[in-house]
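The structure appears right after this line, and notes come after that.
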Amino acid sequence: MGTGLSRRAALIGAAMAGALAGGFAPPLSAHTPYRQWVVYRQKHLLIGAHRGDPRTYTIAKSLVAALAEELPDAKARVARGPRPQRIASLMGTAQMMIAVISDSEAAAMVASSAPFENYRPTPLRRLGVLRDGYGLYAIPDLPDEHAWMVADALTHAGLIRQPLPGAIAVHPGAEAYWHGEPVPG
């Protein structure tokens with residue numbers, strides 16, 4: 001059986017090499033089932049989480065459920081990456097605007113320190129404090145009015161609190177909300 005399997009693998013490899021040389025390219029699959037990822041991101045507020053820490057997913061699901069009630073037009077969805085480095089990559093390239101991450105991961109992303117030493121520093125802004133050492137973080141490009149509305153909706157749901165001053169600045173839109181200012185813009 002071992003010989004047959006090796007022979008089968010060799011034949012498949014040769015067939016693929018021949019097909020590629022002949023101009024045939026097999027269909028490639030993206031990391032997401034949505035072919036129009038950019039359009040999907042524009043229509044849905046994605047809340048990042050990662051499999052490296054299952055609590056991020058649990059918290060993100062509760063945020064999405066609250067946003068469905070409080071801010072249904074946001075069409076919030078959880079987007080879960082395999083590990084925190086993927087979240088840093090997506091946020092660093094503005095492919096994801098908001099994520100649930102631990103405060104220690106956020107500090108490491110901003111500083112580009114372990115385990116993010118192979119990534120450029122990821123600029124983050126705090127939207128608010130969640131439970132158990134987690135925060136809701138956004139990239140600076142998140143529109144101020146969106147940050148304000150997310151902070152408002154999640155406060156009404158009892159899921160987020162005002163962040164204290166810290167090393168990572170509060171997003172200007174969330175800052176406006178926390179200071180009782182009207183929706184920016």
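For clarity, every value in this text was computed on a predicted model and none was experimentally measured.
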Taking atom [atom1] of [X] and atom [atom2] of [Y], what is their separation to the nearest 0.5 Å?
X      : Y      : atom1 : atom2 : result
Thr93  : Met91  : OG1   : CE    : 10.0 Å
Ile47  : Thr56  : CD1   : OG1   : 12.0 Å
Leu45  : Leu142 : CG    : CG    : 7.5 Å
Ser112 : Glu117 : OG    : CD    : 7.5 Å
Arg125 : Met97  : CZ    : CE    : 12.5 Å
Met96  : Ser89  : CE    : OG    : 10.0 Å

Quick one: are [X] and [Y] in side-chain contact, heavy atoms under 4.5 Å?
X      : Y      : answer
Pro84  : Phe116 : yes
Arg51  : Arg80  : yes
Leu154 : Leu71  : no
Leu63  : Val100 : yes
Arg131 : Ile59  : yes
Leu46  : Val78  : no

Okay, side chain of [X], backbone of [Y]: is any donor-acceptor separation there less than 3.5 Å?
X      : Y      : value
His146 : Met149 : no
Trp178 : Leu127 : yes
His156 : Glu70  : no
His179 : Glu181 : no

**Message:** Side chains of Tyr134 and Arg55: any donor to acceptor distance under 3.5 Å?
**Reply:**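 Yes.
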Determine the minimum heavy-atom distance between [X] and [Y], stating which atoms define it.
X      : Y      : result
Ala107 : Ile168 : N-CD1, 3.9 Å
Ala114 : Ala108 : O-CB, 3.7 Å
Ala99  : Ile87  : CB-CG2, 3.7 Å
Pro140 : Pro123 : CD-O, 3.4 Å
Val64  : Ala76  : CG1-O, 3.4 Å
Ala153 : Leu67  : CB-CD2, 3.8 Å

**Asked** For Asp144, what residues pass the side-chain hydrogen bond (donor to acceptor under 3.5 Å, both in side chains) criterion, not counting sequence neighbours?
**Response** none
**Prompt:** Should Val129 and Ile160 be regarded as members of a common hydrophobic cluster, given that ILVMFWY residues are connected when their side-chain heavy atoms come within less than 4.5 Å of each other, either directly or indirectly?
**Reply:**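 No.
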**Request:** Evaluate side-chain hydrogen bond (donor to acceptor under 3.5 Å, both in side chains) for Gln85 paired with His50, printing each intermediate quantity in order.
**Result:** CA-CA 9 Å; Gln85 292 88 342; His50 63 87; over 6 Å; no
**Request:** In sequence, state the C-alpha distance, the side-chain angles, and the governing distance for Leu136 and Ile98, and then conclude on side chain to side chain contact (heavy atoms under 4.5 Å, CB included).
**Result:** CA-CA 7 Å; Leu136 188 60; Ile98 300 175; 3.3 Å; yes
**Message:** Both conditions, 6.0 Å and 45 degrees, for the charged tip of Arg126 above the ring of Tyr137: are they met here?
**Reply:** no
